[in-house]
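Report on the structure given below.
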Amino acid sequence: IRSTSERLIKLAEKQQRITTQLESTPQTVAAELSTVLRRVTETVTETFPNAEIVVEAEFESPVMVPPRIELAISELVTNAIEHADVDAGRVDVTVETTDGEVSIRIADVGPGIPEMEIDVLGTEEGPLFHGRGVGLWIAYWVVTHVGGSLEFEGNVPRGSVVTIRIPRGFES
């Protein structure tokens with residue numbers, strides 16, 4: 001009963017974050033992605049001390065990203081580790097910036113994201129067709145709210161790759 005209650009409280013908190021995000025006007029803020037990724041890594045490894053998160057990125061200056069980009073990245077990294085079918089999940093995060101966009105690639109070596117979980121994004125959830133959790137939804141809404149996208153592909157030899165693509169505003 002206690003674990004179910006705790007899970008429901010976490011789900012309600014995530015739902016509140018989604019509602020807040022969707023009610024706000026789309027906007028971006030200048031952020032140091034190195035700082036964002038360091039906080040995500042620290043937070044996730046506190047919960048999953050055996051997890052390995054490897055960040056590869058070159059950072060030149062702050063970039064314009066959604067205010068809740070840290071939440072979106074954290075949800076994707078956490079999902080990758082939670083669903084890993086090995087003792088310690090490994091997640092590789094790669095960041096690339098171009099004149100037109102910021103690309104954040106999150107790759108894992110787990111069992112992969114079921115097609116239904118991907119297909120349900122962007123549709124109305126219903127009693128017969130819904131995902132198992134809200135982590136992908138949170139990332140999807142944060143990113144698409146500012147005109148970005150999530151792309152999904154398989155990882156070789158196994159696992160999933162989720163790429164966040166956000167139009168790049170300007171450097172501060």
Side-chain angles (χ1 to χ4, degrees), residues 1-22 33-57 65-95 102-123 125-145 148-166:
I1 292 172
R2 182 173 291 155
S3 67
T4 300
S5 297
E6 289 170 359
R7 188 174 48 81
L8 289 173
I9 289 169
K10 286 181 182 179
L11 187 60
E13 289 169 349
K14 284 184 180 184
Q15 183 276 334
Q16 181 59 43
R17 285 182 262 182
I18 291 169
T19 301
T20 300
Q21 176 68 30
L22 292 176
L33 285 178
S34 58
T35 302
V36 169
L37 293 172
R38 185 175 53 251
R39 281 195 306 253
V40 167
T41 300
E42 289 170 359
T43 301
V44 174
T45 54
E46 281 178 17
T47 305
F48 302 98
N50 294 327
E52 182 181 3
I53 303 170
V54 178
V55 176
E56 295 179 30
V65 293
R68 297 202 182 273
I69 192 66
E70 186 172 333
L71 174 62
I73 296 168
S74 180
E75 288 294 331
L76 294 172
V77 170
T78 299
N79 280 349
I81 292 169
E82 281 182 341
H83 297 291
D85 53 358
V86 293
D87 289 338
R90 176 186 167 112
V91 179
D92 292 300
V93 180
T94 308
V95 179
V102 175
S103 173
I104 304 165
R105 182 180 186 269
I106 300 163
D108 68 57
V109 293
I113 301 171
E115 275 302 313
M116 188 190 102
E117 297 293 320
I118 296 168
D119 292 343
V120 76
L121 293 175
T123 64
E125 285 196 277
L128 299 177
F129 190 62
H130 57 84
R132 293 179 294 176
V134 296
L136 281 178
W137 280 97
I138 290 172
Y140 174 80
W141 283 325
V142 166
V143 171
T144 59
H145 197 61
S149 65
L150 287 184
E151 297 174 2
F152 300 87
E153 61 184 291
N155 197 6
V156 177
R158 69 188 302 254
S160 295
V161 177
V162 180
T163 303
I164 297 171
R165 296 195 186 280
I166 303 167

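Computation of the quantities below employed the complete heavy-atom set of this structure, encompassing side-chain atoms and omitting hydrogens, waters and symmetry-equivalent molecules.
- Considering Leu37, Val102, Val40, Ile164 as possible partners of Ile69, the one that fulfils the side chain to side chain contact (heavy atoms under 4.5 Å, CB included) test is Ile164.
- For Arg165, the salt bridge (charged side-chain N to carboxylate O under 4.0 Å, His left out) partners are Glu101, Glu151, not counting sequence neighbours.
- Using a distance-only test at 3.5 Å, with no hydrogens or angles considered, a donor-acceptor pair links the side chain of Asn155 to the main chain of Asp108.
- Here CD1 of Ile73 is found 11.5 Å from OG1 of Thr78. Values are rounded to the nearest 0.5 Å.
- Between Leu136 and Leu76, the closest side-chain pair of non-hydrogen atoms falls below 4.5 Å.
- Shown here for Glu153 and Thr163, the closest heavy-atom pair between the two residues is OE2-OG1, 4.5 Å.
- Ser74 places no side-chain N or O within donor-acceptor distance of the main-chain N or O of Glu70, the cut-off being under 3.5 Å.
- Glu82 pairs by the salt bridge (charged side-chain N to carboxylate O under 4.0 Å, His left out) definition with nothing, not counting sequence neighbours.
- For Thr45 against Ala51, the heavy-atom pair with the smallest separation is CG2-O, 4.2 Å.
- Annotation: side chain of Val91 is not in contact with side chain of Phe48 (no heavy-atom distance under 4.5 Å).
- In this structure, the side chains of Ile81 and Ile53 come closer than 4.5 Å at one or more pairs of heavy atoms.
- The two residues Val161 and Ala107 have their closest heavy-atom pair at CG2-CB, 3.8 Å.
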